[in-house]
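Throughout, numbering of the chain's residues begins at 1 and tracks the sequence.
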Amino acid sequence: MDAGAHEAVDETGARSGRARTAIVTGSARRVGRAVAEALVANGWRVLVHAREGGRAREAAEAMGAAGHVGADLADPTAADVIAAAASVTVGDADAQLDLLVNCAASFERVQQWEDAGIDGWRRAMDVNARAPYLLTCALLSMLRAARGLVVNVSDRAAHEHWPAYPVHSASKAALESLTVSGAKAFARDGVRMVAIAPDTILPPEEWDESRIARERAGGGVGTPDELVRTILVLADDQSRSGEIIVL
C-alpha cells in the first residue's frame, strides 16, 4: 500500500476502511497541482479547486481526482461554494474530510513599499488569510468527523519580510497566526492545524529562462517535492499540530 493510501483510523485506533479525502485549493496549477497529484497518486480522493470552474475540471480529469469546483477565494461566499461541492464529491455517510490544504495565494508585488494601496491590501488579505479562515470554518464539521488536518501553505515572506511584497508578507504572517490559534481552539476536537513555509519552489511566471537558471544555480528555486513529502508525513502523524514548519 502507498504511503498516503492507508485506511482512515478513528479515535479508538480502529481501521475504518474508508478512502481518505482531501481538498486542495489552487490545485489546477503550479504548487497546488503538484500537491493534489501526489495525493491522488497515493490513493486519496481529492477535490480540485481553481478560481475558474473549467480549469478545475480539466485538472481534475487529467489527474483522476474525485471532483472539482470553481470559486474565487476573494469572494467571501467561496467557502460555502467549496463546502457544498465537498459534501457531494468527498462526502460519505459520515461526511468526513481528512485533509484541507489551503494552497491558493495572491502575490501582490509593488515597485515601492508604499504603493500597495487599499486594493492590494484587500486582495492579499482576502485570498491569503480570510479565505483559509472561512473555508476551515465552513468545513469544520467534516474535519471534526474525521479528526482531520488543515495545512496552511505559507512562505518565507512571513519571516523574511520582503520589501517588494509588503502586504503579501503581512497576509502570510496573519495566516501563520491563524494556524496557531486554530490549533489551540480545535485541539479538543482532534482537528490539527499546521503551516508550512517553503522557500521559492517554483519560479514566478514572469521570470525568463536565464533568471530561472541563475536562481536554480544559486539554490534559490526548488521543486514542490519537499512540500509534498511534508504534507504526506503530517497526514499520518496525529501528534503534529500548531507548528510553523519552515522548509
Side-chain angles (χ1 to χ4, degrees), residues 3-4 22-27 30-32 34-36 38-39 49 73 79 97-109 121 123-140 143-144 146-202 204 219-247:
I23 298 173
V24 183
T25 66
S27 49
R30 293 176 62 80
V31 176
V35 171
L39 290 169
H49 160 266
L73 294 179
L97 177 66
D98 300 272
L99 175 64
L100 167 63
V101 182
N102 287 305
C103 194
S106 171
F107 293 89
E108 300 296 323
R109 189 180 192 281
W121 271 102
R123 284 190 298 271
M125 296 303 292
D126 287 356
V127 175
N128 297 349
R130 186 185 69 183
Y133 171 81
L134 292 179
L135 188 52
T136 300
C137 292
L139 295 167
L140 194 52
L143 289 162
R144 280 174 169 150
R147 300 178 68 84
L149 168 67
V150 179
V151 173
N152 293 321
V153 180
S154 182
D155 61 45
R156 295 288 186 89
H159 305 268
E160 297 176 357
H161 316 294
W162 302 336
Y165 296 84
V167 296
H168 174 77
S169 298
S171 67
K172 288 298 190 178
L175 179 62
E176 293 187 2
S177 177
L178 288 168
T179 299
V180 177
S181 64
K184 293 179 179 179
F186 304 125
R188 63 183 179 276
D189 301 316
V191 175
R192 298 176 293 124
M193 297 185 73
V194 176
I196 304 175
D199 205 343
T200 303
I201 52 180
L202 284 178
V221 178
T223 71
D225 294 349
E226 188 174 6
L227 173 63
V228 168
R229 285 195 299 269
T230 302
I231 291 173
L232 291 173
V233 168
L234 289 168
D236 284 330
D237 188 344
Q238 296 293 319
S239 68
R240 306 283 292 276
S241 189
E243 298 180 50
I244 310 298
I245 302 172
V246 180
L247 299 181

Looking only at heavy atoms, the pair that brings Asn128 and Ala105 closest together is OD1-CA, 3.2 Å
* Asked: Taking everything shown except Phe107 itself, do over 12 heavy atoms lie less than 6.0 Å from its CZ?
  -> yes
Residue pairs passing the salt bridge (charged side-chain N to carboxylate O under 4.0 Å, His left out) test with at least one member in residues 157-171, sequence neighbours excluded, are Arg156-Glu160
Please output the side-chain donor-acceptor pairs of residues 183-190 that fall under 3.5 Å, not counting sequence neighbours, one pair per line with the distance.
from, atom 1, to, atom 2, distance (Å)
Arg188, NH1, Ala185, O, 2.7
Asp189, OD2, Arg144, NE, 3.0
Asp189, OD2, Arg144, NH2, 3.2

Hits for side-chain contact (heavy atoms from CB on, under 4.5 Å) against Ala174, two or more places apart or cross-chain, chain-then-number order -> Met125, Ala129
Minimal heavy-atom distance between Pro198 and Val153, with the atoms involved, is CD-CG1, 4.4 Å
With sequence neighbours left out, the residues meeting salt bridge (charged side-chain N to carboxylate O under 4.0 Å, His left out) with Arg229 are none
### Check: Ala158 main-chain N/O paired with Ser169 side-chain donor or acceptor under 3.5 Å
no
To the nearest 0.5 Å, atom CD1 of Ile231 lies from atom CG of Asp236 at 12.5 Å
The reported gap from CG in Leu143 to CG in Leu97 (rounded to nearest 0.5 angstrom) is 4.5 Å
Shortest non-hydrogen pair, Val194 vs Gly242, comes out as CG2-N, 4.3 Å
For Ala38 and Val228 the tightest heavy-atom approach is CB-CG1, 3.2 Å
* To do: Give a yes or no on whether the backbone of Leu234 and the side-chain of Arg192 come within a donor-acceptor separation of less than 3.5 Å.
  => yes
One should read off an interatomic distance between Leu232 CG and Asp237 CG, to the nearest 0.5 angstrom, of 12.5 Å
Nearest heavy-atom approach of Met193 to Leu178 is CE-O, 4.3 Å
Q) Are the side chain of Ser27 and the backbone N or O of His49 linked by a donor-acceptor pair below 3.5 Å? A) yes
Distance col, row Ile244:CD1 vs Thr179:OG1, nearest 0.5 angstrom, shows 5.0 Å
Contacts of His159 meeting side chain to side chain donor-acceptor pair (under 3.5 Å) (sequence neighbours excluded), chain-then-number -> Glu176
Residues at least two apart in sequence or cross-chain that pass side chain to side chain donor-acceptor pair (under 3.5 Å) with Ser106, listed by chain then number, are Glu108
Residues passing the side-chain contact (heavy atoms from CB on, under 4.5 Å) test with Leu134, sequence neighbours excluded, are Pro76, Ala79, Arg130
Distance col, row Leu247:CG vs Thr230:OG1, nearest 0.5 angstrom, shows 4.5 Å
Separation between CG (Leu149) and OG (Ser241), nearest 0.5 Å, reads 7.5 Å
Discussion item. Donor-acceptor check, side chain of Ser154 to backbone of Ile196, threshold 3.5 angstrom: yes or no?
Written reply: no
Quiz item: Any side-chain heavy atom of Val35 sitting closer than 4.5 Å to one from Val151?
Solution: no
Residue set satisfying side chain to side chain donor-acceptor pair (under 3.5 Å) with Asn102, at least two apart, ordered chain then number -> Asn152
By side-chain contact (heavy atoms from CB on, under 4.5 Å), Ala34 pairs with (sequence neighbours left out) Pro224
Trp162 meets the ring pair (Phe, Tyr, Trp, His ring centres under 6.0 Å) criterion, sequence neighbours left out, with Tyr165
